[in-house]
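Before any comments, here is the structure.
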Amino acid sequence: MSEYKSEFLKVISERGFLHQMSDPEGLDKLCAEGPVTAYIGFDCTAPSLHAGSLVTIMMLYWFQQTGHRPIALMGSGTTRVGDPTGKDESRKILSDEIIEENKAGIRKIFEKLLTFGDGPTDALMMDNADWLMKLNYVDFLREIGRHFSVNQMIQRDSVKLRLEREQHLSFLEFNYMLLQGYDYLEIYQQTGCRLQMGGSDQWSNILSGVDLIRRKAGVEAYALTAPLLTTSSGAKMGKTASGAVWLNAEQLSPYDYWQYWRNTEDADVERFLKLFTILPLEEIKRLAALEGAGINDAKKVLATEATAMIHGREAAEAAAETARQAFEEGAMAEGLPTIEVPKADLEAGMGILSAFVTAGLCGSNGDVRRNIKGGAVKINDKGEQNEKRSLTLSDLTDDGVIKLSLGKKKHVLLKPV
RNA sequence: GGAGGAGUGCCCGAGUGGCUAAAGGGGACGGACUGUAAAUCCGUUGGCUAUGCCUACGUUGGUUCGAAUCCAACCUCCUCCA
């Protein structure tokens with residue numbers, strides 16, 4: 001482990017963000033000299049980013065914190081083309097309106113973590129649709145395609161493996177590195193950006209941009225990737241029962257987000273504290289040293305700090321307090337996710353089945369029935385076995401709500417309005 | 001353009017005329033054990049106004065009392081040859 005001179009690489013390497021770098025010495029020197037500009041691209045396939053993207057988002061955060069200028073690139077141009085790697089046939093073609101909506105949702109996340117503006121280290125937001133949509137095929141081939149050597153392209157591991165195994169590789173996929181390489185060049189020309197970061201799966205795409213900039217502009221640009229994260233038990237990051245761990249509050253409440261981190265596996269606690277919180281390393285070391293049940297305290301810190309990063313300190317504390325009441329006191333915690341139902345429904349008597357479905361705890365009536373059979377369903381903390389049970393105003397607690405629970409961890413409050 | 005192969009539930013994958021809402025595995029969810037962890041064990045895993053009904057094995061038609069299974073056309077994907 002060589003010592004880095006630049007603050008950025010020091011922080012990044014200590015906290016476990018580093019996977020590969022194209023020219024460590026050169027990049028270190030560049031970053032040590034003064035403000036550098038770097039970008040990371042994000043797809044616009046969903047209305048929010050999820051926990052899987054958080055690693056690279058945090059890299060942008062640290063980049064700015066250590067005195068540099070980050071660029072968040074919205075890939076709405078490449079999203080329109082569609083990422084060719086999936087196996088599903090008939091991929092959904094997203095309409096322009098949806099892509100724009102998604103883009104708006106994704107922007108919000110960056111606005112929380114980065115400081116935007118016109119200053120030398122203020123973050124920028126760009127969109128590759130601005131230049132990709134204008135491309136003319138023949139011009140592109142002449143201007144960009146000429147700088148790509150097929151001989152080299154087929155040497156790339158991603159390509160080589162496919163060819164060696166005689167697996168199909170479409171021309172579209174083969175071209176992807178040109179598009180992303182072109183992004184890098186375009187951003188370099190517009191902003192002087194000389195560093196592109198991303199997940200480790202982006203490595204070869206990033207390198208193609210590095211090459212292109214060298215050929216086209218005679219400038220050395222850099223590549224840096226972060227490891228692809230899995231939990232210690234091998235699960236992909238950012239997936240839960242109800243889907244992805246979204247970063248936007250509209251997609252996933254801060255309380256549920258807090259819970260996601262609270263349920264981190266023991267073996268991941270230290271790694272996640274380094275990656276997803278900004279606590280000092282000594283503090284993390286101390287927390288990670290906790291053993292047995294004590295590590296639960298570290299998980300709470302992880303949850304609160306990680307939640308504070310993207311939902312704000314206040315929401316994080318509230319989530320922590322709600323969880324404390326719900327789990328440690330078994331009390332009726334007011335901060336639990338709350339669903340409003342028309343008062344009239346309760347007056348008429350609301351079926352327990354539909355109550356759990358509207359609360360989002362179960363996917364269908366049959367799902368509720370199965371869970372009732374499995375003994376997972378509770379109303380106001382009392383087990384319920386009768387699927388015909390209906391909820392009425394008399395079920396309201398002193399706080400004026402009805403608490404629905406599925407299993408031990410999932411609770412929703414029903415509130416009449 | 002030619003020859004061959006494939007398309008099954010969230011995913012992988014068995015099934016080649018009725019016993020198939022479809023084996024098995026993974027994942028997920030619930031339960032037990034714990035520490036709101038992991039591992040392990042057990043259960044569940046299409047929908048409904050439910051002793052029945054509907055939807056589902058690429059699409060559309062056909063054969064049949066009856067089709068995921070047979071036939072035809074089409075769509076998509078893959079491999080090899082040109």
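So that the names make sense, note that chain A is the first sequence line, chain B the second, and so on, each numbered from 1. Both backbone and side-chain heavy atoms feed into the values below; hydrogens, waters and symmetry mates do not.
Non-hydrogen atoms lying under 4.0 Å from RNA chain B are contributed by A:S364, all within residues 347-364 of chain A. Residues from residues 280-295 of chain A placing a heavy atom under 4.0 Å of any atom in RNA chain B, listed by number, are A:G292, A:A293, A:I295.
A:K415 NZ: 12 or fewer foreign heavy atoms inside a 6.0 Å radius. No more than 12 heavy atoms of other residues, nucleotides or ligands shown are found within 6.0 angstrom of CD on A:E314.
Phosphate proximity of B:G46 to A:R370: absent, as no side-chain N or O sits under 4.0 Å from OP1 or OP2. For A:K410 and B:A28, the shortest distance from a side-chain N or O to OP1 or OP2 is not below 4.0 Å. Neither OP1 nor OP2 of B:U36 sits under 4.0 Å from any side-chain N or O of A:K300. Side-chain nitrogen and oxygen atoms of A:K408 include at least one within less than 4.0 Å of the OP1 or OP2 phosphate oxygen of B:A32.
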Polar-atom pairs under 3.5 Å, protein N or O versus N or O of nucleotides 50-52 of chain B: list them with distances, or write none.
from, atom 1, to, atom 2, distance (Å)
B:A50, N6, A:R369, NH1, 2.3

Taking only nitrogen or oxygen atoms into account, show me every contact under 3.5 Å that the protein makes with nucleotides 54-56 of chain B, one pair per line with its distance.
none

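Along RNA chain B, the nucleotide closest to A:D367 and the one closest to A:G375 are compared, and the more 5′ of them pairs with A:G375.
We find that CD of A:E265 is positioned 16 Å from P of B:U36, with the value rounded to whole Å. Atom CH2 of A:W261 and atom P of B:G35 are 25 Å apart (whole Å).
Scanning RNA chain B for stems, defined as runs of 3 or more consecutive Watson-Crick or G-U wobble pairs whose donor-acceptor distances all fall under 3.5 Å, gives the following ranges: B:1-7 with B:75-81, B:10-12 with B:24-26, B:27-32 with B:40-45, B:46-48 with B:52-54, B:58-62 with B:70-74.
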>> The test is side-chain hydrogen bond (donor to acceptor under 3.5 Å, both in side chains); show your working for A:Y184 and A:Q196 and say whether it passes.
In response: CA-CA 7 Å; A:Y184 197 173; A:Q196 183 184 171; 5.6 Å; no

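A:R214 meets the salt bridge (Lys or Arg N to Asp or Glu O under 4.0 Å) test with A:D211, A:E220; sequence neighbours excluded.
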